Student: 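Dropping the structure in here first, questions after.
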Amino acid sequence: MKRYHVTTFGCQMNEHDSERMKGMLDSLGYAEAPGRDQADLILFNTCSIREKADSRFVAHLGEAKRVKRERPEVIVGVGGCWAQSVKEEVFARFPFVDVAFGPGQVHKLAEFLVSDSLTAQGYFEFEGFTGHLPAKRAHGHHAWVQISVGCNCVCSYCIVPSTRGREVSRPAGELIAEVQGLAADGVREVTLLGQNVNSYGRDLPREQRTTFAELLRAVDAVDGIDRIRYTSPHPKDMREDVIRAHAELPALCEHIHLPLQSGSSPVLKRMRRTYTRERYLDRVAMIREHVPDCALTTDIIVGFPGETEAEFEQTVEVVEEVGYDGAFTFIYSPRRGTEAADLPDQVPHEIKVQRMQRLVEVVQRRAHDRASRFVGRTLDVLVEGPSRTDPSRLRGRSRHNKVVNFTGLGGPGELVDVEILEATSQTLSGQESILSRAAG
Ligand code: 5AD
Ligand code: SF4
């Protein structure tokens, strides 16, 4: 039996795509290898969002080159966003690569493997949903559901529209059938995935048109699904119906990831985000009004071209004001083919690093303040497995998407009550409430 090894970089969409890649390979009769040295097929699912993502992957690729020198019959494949962004150039730069494919061409990998092709092949059309392929899920209780692919935004810093193409939604009926199948399989939590989830459905034919809020309702109605998450929404498309859904639908979690990118309206304009600082803060106010305890997380870029000290300060102010439960902060990284890469006034690296340090300090302080509100409360925690730092304890996630390390007896996939005793900016710590277990 032939064996494969897949390394995944980048976002949750890539994790999803890798699960589908593995599912497809299993259905072709392959099995998963524990490491690259045991594999007949070495695959990389790549990311290109920032320069660091590129360079991390290139280091791993060196490993594949070594394996291929020792065992020339091994097939090396490169999929995902980096592959899409360089296309055929991949073969000139890395002659030991046998097959390369973009995010919309995962199914072509199967075609390549069953053909007798002796020459390297590249597949870079935007045509398929990986969501149609069989999946090999990493966790029994959790599943990704790809609701759309591609992105119609033109954010000036972002490579994704060029790597994942125009937005295409999957029909709601098909998605609900998929979620029903997952629930029957024991899945309790689903994460709906799209590059811009809340513009879901606008491209569907009139008779199939469904809004994102309607889709959430239909998923909530599926028996056995206790938790629904989604990522990522765009602030410009964050409507009241979706926010209300968080208050009304029992399974929809109290957590919204709402990427800010910058707290300065002029910077947002140069980023082509199509909202202002005020409009963003209005959305936050609406969330707080309808779902007061909602956790809010965000993405922020520092050092966007032309970002002045005063503009950066505006971002810090928004972080202070909103009080995020967590934030991913990134140093701006010019990406090939994007508008911002050619803007004048690129910010020097030392200034970017200094700003990042200042921002992280505020993000962590505010996240810690926010996490403190959970101390003394009992939270509903979905058990994932042993704690990473102390295997005698358990690790799980609250509905607010906080990692909770705790002492208790729950098994993976179980929902348990945990009394929270301590909080840091990143994690919560507590003990399973035995009373509820005895009663339940
Ligand atoms: N440089 C730095 N960060 C970026 N992101 C996207 N493109 C870039 C870039 N060129 C960040 C954004 C986005 C997250 C996934 O990555 O914050 O929301
Ligand atoms: Fe995901 Fe963007 Fe990286 Fe592609 S480039 S894998 S969409 S984070």
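For ligands, and for the atoms within them, numbers begin at 1 and follow the listed sequence. The shown structure was predicted, so the numbers you read here are calculated from the model rather than taken from an experiment.
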Student: Given side chains that start at C-beta, do those of Cys153 and Lys236 come closer than 4.5 Å, heavy atoms only?
Tutor: yes

Student: Can you check whether Asp237's main-chain N or O pairs, donor with acceptor, with Asn198's side chain at less than 3.5 Å?
Tutor: yes

Student: Tell me, which protein residue and heavy-atom name are nearest atom 18 (O) of ligand 1, and how many Å apart are they?
Tutor: Asp299 OD2, 2.7 Å

Student: Check whether the ring centres of Tyr123 and His107 lie less than 6.0 Å apart, and answer yes or no.
Tutor: no

Student: State whether Arg373 and Asp325 are salt-bridged, where the test is any N-O pair (Lys NZ or Arg NE/NH1/NH2 against Asp/Glu carboxylate O) under 4.0 Å.
Tutor: yes

Student: If the cut-off is 4.0 Å to any non-hydrogen atom of Arg335, which atoms of ligand 1 fall inside it?
Tutor: 10 (N)

Student: Arg137 side chain to Gly140 main-chain N or O, any donor-acceptor pair under 3.5 Å?
Tutor: yes

Student: If you draw the axis of the six-membered ring of Phe9, does the NZ or CZ of Arg56 fall within 45° of it and under 6.0 Å from the ring centre?
Tutor: no

Student: Say whether Tyr332, considering both its backbone and side-chain N or O atoms, lies within less than 3.5 Å of an N or O atom on ligand 1.
Tutor: no

Student: Checking a contact table here: which protein heavy atom is nearest atom 10 (N) of ligand 1, and how many Å away?
Tutor: Ser333 O, 2.8 Å

Student: What do the steps show when you test Arg399 against Asp293 for salt bridge (Lys or Arg N to Asp or Glu O under 4.0 Å), and what is the final call?
Tutor: CA-CA 11 Å; Arg399 288 175 61 95; Asp293 191 40; over 6 Å; no

Student: Please give me the protein atoms (N, O or S only) lying under 2.8 Å from atom 4 (Fe) of ligand 2, ordered by chain and number.
Tutor: Cys81 SG

Student: May I ask you to list the atoms of ligand 1 that are less than 4.0 angstrom from any heavy atom of Gln261?
Tutor: 12 (C), 13 (C), 17 (O), 18 (O)

Student: Looking at Arg50, which atoms of ligand 1 are within less than 4.0 Å of one of its heavy atoms?
Tutor: 1 (N), 2 (C), 3 (N), 4 (C), 5 (N), 11 (C), 16 (O)

Student: Look at Arg366 together with Asp369 and state whether they make a salt bridge at an N to O cut-off of under 4.0 Å.
Tutor: yes

Student: Hey, does Tyr157 come in under 3.5 Å of ligand 1, counting only N/O atoms on both sides?
Tutor: yes

Student: Can you tell me if Glu63 has over 12 outside heavy atoms packed within less than 6.0 Å of its CD?
Tutor: yes

Student: Is the distance between the ring centroids of Tyr230 and Phe212 less than 6.0 Å?
Tutor: yes

Student: Measure the distances from the heavy atoms of Ile331 to every atom of ligand 1 and state whether one is below 4.0 angstrom.
Tutor: yes

Student: Is the shortest distance from a heavy atom of Gln195 to ligand 2 less than 4.0 Å?
Tutor: yes

